[in-house]
Amino acid sequence: MSAFSRLTPLTSALPSTVPFVGPEALERQRGLTVKARIGANENGFGPAPSVIEAMRREAGDIWKYNDPENFALKQALAAHLGVEASNVCVGEGVDGLLGLIVRMIVEPGTTVVTSHGGYPTFNFHVVGYGGRLVTVPYVDDREDIDGLLAAVKREDASLVYFANPDNPMGSWWDAEKIVAFARALPETCMLVLDEAYSETGPTGSTPDIAALIGLANVLRTRTFSKAYGLAGARVGYVIGIAETVQAFDKVRNHFGANRLATVAALAALKDQAYLAEVVANIHAARDRIGMIARDNGLLPLASATNFVAIDCGRDDVFARAIVDGLIEHGVFIRMPGVAPLNRCIRVSVGPKADLDLFEEALPRVLKGLC
């Protein structure tokens, strides 16, 4: 049977793709069970007990729609950040917000700049709206901030995506450099500053809110998926000047935010003591992943995120063989998608039991590849 004949030409021309292969798909494809889920940049330490309890208390009200204005969460985030509620928009994770930003700015042929190897979901949205992607290679395994600026000016780009700390390499730039980059952009180019990992970065890696809040062409995206342990809840938010943020009300899904997810986010924001505990656990787990890598002759790269990129010292074929070998032991990890970054594997933080399995399986896999 042929497809519906009145899809738009753009939709008809696009491939049907899912940017990520999830552990569930691997279980289905290979008939195995994932025992250590340390490949999707999730926070295996999970949310605070206070968050789980808040969700339990409110579960009976799931028959209600969520507040379409997201008033309570916007107020709480504004107080936490030191801004006005009008500077904040809540959405269904950073992925959903990226789709809205692209929708607001990109038309067929609009030029968009990003890093070659950067977050694929952003590219997915840009291509879906007919944008023209211009990519800038990484330099020394991190985003080329000067190269991105040069590309924006050369191509007269309307939108540029920059993640700090970075996915997929875990690298980062200091806040001073980020602010200089933002201020050097043409006023006609919107900067999407993806700060999904801001809570796990070192001191001085995230610009103060006040440093960028006055720029009309800067939108900062953050999430409850990483440090707060709520990846499955899909709660993200964007920070910008009120006039820019107001534009989201023109295109967003007003009932998109999940009611229990909003409850969870409010509770998580209140429990900053647990957040500090989890961030310490993330740092310790990063150190252990690095130790495991070095013990097996591999090179861990410095990370400001909740995962560690590990240089396998050879090519993508070798790195892929490690990934495939580990999944046969029930250990799910990933690797960056493009050369030369794909000589690496990427391991997310997780509880002791998960890292124990990784530590046990890695030397067996490497021995089998020798």
Side-chain angles (χ1 to χ4, degrees), residues 20-23 26 30 32 34-45 115-120 137-144 163 165-173 197 200-202 205 226 280-370:
F20 305 101
V21 178
L26 292 173
R30 301 194 180 208
L32 49 74
V34 170
K35 302 172 185 175
R37 185 175 170 131
I38 50 174
N41 300 359
E42 297 158 328
N43 174 3
F45 300 109
S115 295
H116 185 56
Y119 192 45
Y138 280 58
V139 173
D140 297 328
D141 294 329
R142 67 174 177 173
E143 290 190 286
D144 181 3
D166 171 59
N167 175 12
M169 301 309 289
S171 56
W172 70 97
W173 287 92
Y197 301 95
T200 59
S205 62
K226 307 302 180 183
N281 289 338
I282 288 171
H283 291 175
R286 287 193 321 222
D287 290 343
R288 187 178 176 197
I289 292 167
M291 179 194 69
I292 295 169
R294 284 187 291 269
D295 286 348
N296 286 276
L298 307 179
L299 178 64
L301 304 183
S303 174
T305 61
N306 67 348
F307 61 86
V308 178
I310 299 172
D311 188 340
C312 298
R314 290 168 59 176
D315 58 13
D316 63 311
V317 176
F318 182 64
R320 171 55 62 189
I322 295 174
V323 171
D324 289 342
L326 285 171
I327 195 63
E328 293 302 320
H329 290 270
V331 178
F332 166 66
I333 67 168
R334 282 187 176 139
M335 57 189 285
V338 300
L341 309 179
N342 58 6
R343 71 183 191 285
C344 299
I345 58 175
R346 197 186 63 198
V347 182
S348 304
V349 301
K352 181 179 182 299
D354 286 7
L355 296 189
D356 285 348
L357 286 172
F358 173 59
E359 184 173 25
E360 178 184 337
L362 182 59
R364 294 183 182 180
V365 170
L366 290 173
K367 184 178 180 181
L369 296 176
C370 292

- Message: Less than 4.5 Å apart, side chain to side chain, heavy atoms only: is that true for Tyr138 and Pro168?
- Response: yes

- Side chain proximity check, Pro363 to Val365, heavy atoms < 4.5 angstrom: no

- Mind listing the closest non-hydrogen atom pair of Asn296 and Leu362 along with its distance? ND2-CD2, 3.7 Å

- Query: Which heavy atom of Asn167 sits nearest a heavy atom of Tyr119, and at what distance?
  - Reply: ND2-CD1, 3.6 Å

- Item | Minimum-distance pair of heavy atoms, taken over all atoms of Phe358 and Ile310 | CZ-CD1, 4.4 Å

- Message: Quick check for you: to the nearest 0.5 Å, what is the distance between Glu143 atom CD and Trp172 atom CH2?
- Response: 14.0 Å

- Least distance between heavy atoms, Ala361 atom then Val331 atom: CB-CG2, 4.2 Å

- Query: Rounded to the nearest 0.5 Å, how far apart are NZ of Lys226 and CD1 of Ile282?
  - Reply: 10.5 Å

- Message: For the CG atom of Leu299 and the CZ atom of Arg294, what is their distance to the nearest 0.5 Å?
- Response: 8.5 Å

- Item | Side chain to side chain, Cys312 and Ile345, heavy atoms closer than 4.5 Å | yes

- Message: Could you report the tightest heavy-atom contact between Phe45 and Ala285, atom names first, then the distance?
- Response: CZ-CB, 4.1 Å

- Could you tell me whether the side chain of Leu341 reaches within less than 4.5 Å of the side chain of Met169, counting heavy atoms only? yes

- Does Asp311 come within less than 4.0 Å of Arg343, counting only side-chain N to carboxylate O? yes

- Query: When rounded to the nearest 0.5 angstrom, what is the spacing between CZ in Arg314 and CG in Leu298?
  - Reply: 10.5 Å

- Message: We want to know whether Arg346 and Asn41 form a side-chain donor-acceptor pair, criterion being a heavy-atom distance below 3.5 angstrom.
- Response: yes

- Query: For the residue pair Ala293 and Pro300, what are the closest heavy atoms and their distance?
  - Reply: CB-CD, 4.0 Å

- Report yes if some heavy atom in the side chain of Phe318 is under 4.5 Å from a heavy atom in the side chain of Leu366; otherwise report no. yes

- In Å, rounded to the nearest 0.5 Å, how long is the span from CZ of Arg334 to SG of Cys344? 16.0 Å

- side chain to side chain contact (heavy atoms under 4.5 Å, CB included) assessment of His329 paired with Glu360: CA-CA 9 Å; His329 290 270; Glu360 178 184 337; over 6 Å; no

- Heavy-atom side-chain proximity of Asp316 to Met335 below 4.5 angstrom: yes

- Between Arg286 (side chain) and Thr305 (backbone), is there a donor-acceptor pair under 3.5 Å? yes

- Query: Is there a side chain to side chain contact (heavy atoms under 4.5 Å, CB included) between Val349 and Asp354 once you walk through the steps?
  - Reply: CA-CA 9 Å; Val349 301; Asp354 286 7; over 6 Å; no

- NE2 of His283 to CG of Asn306: how many Å apart, nearest 0.5 Å? 10.0 Å

- Message: Salt bridge check, Arg288 against Asp356: does any charged N sit closer than 4.0 Å to a carboxylate O?
- Response: yes

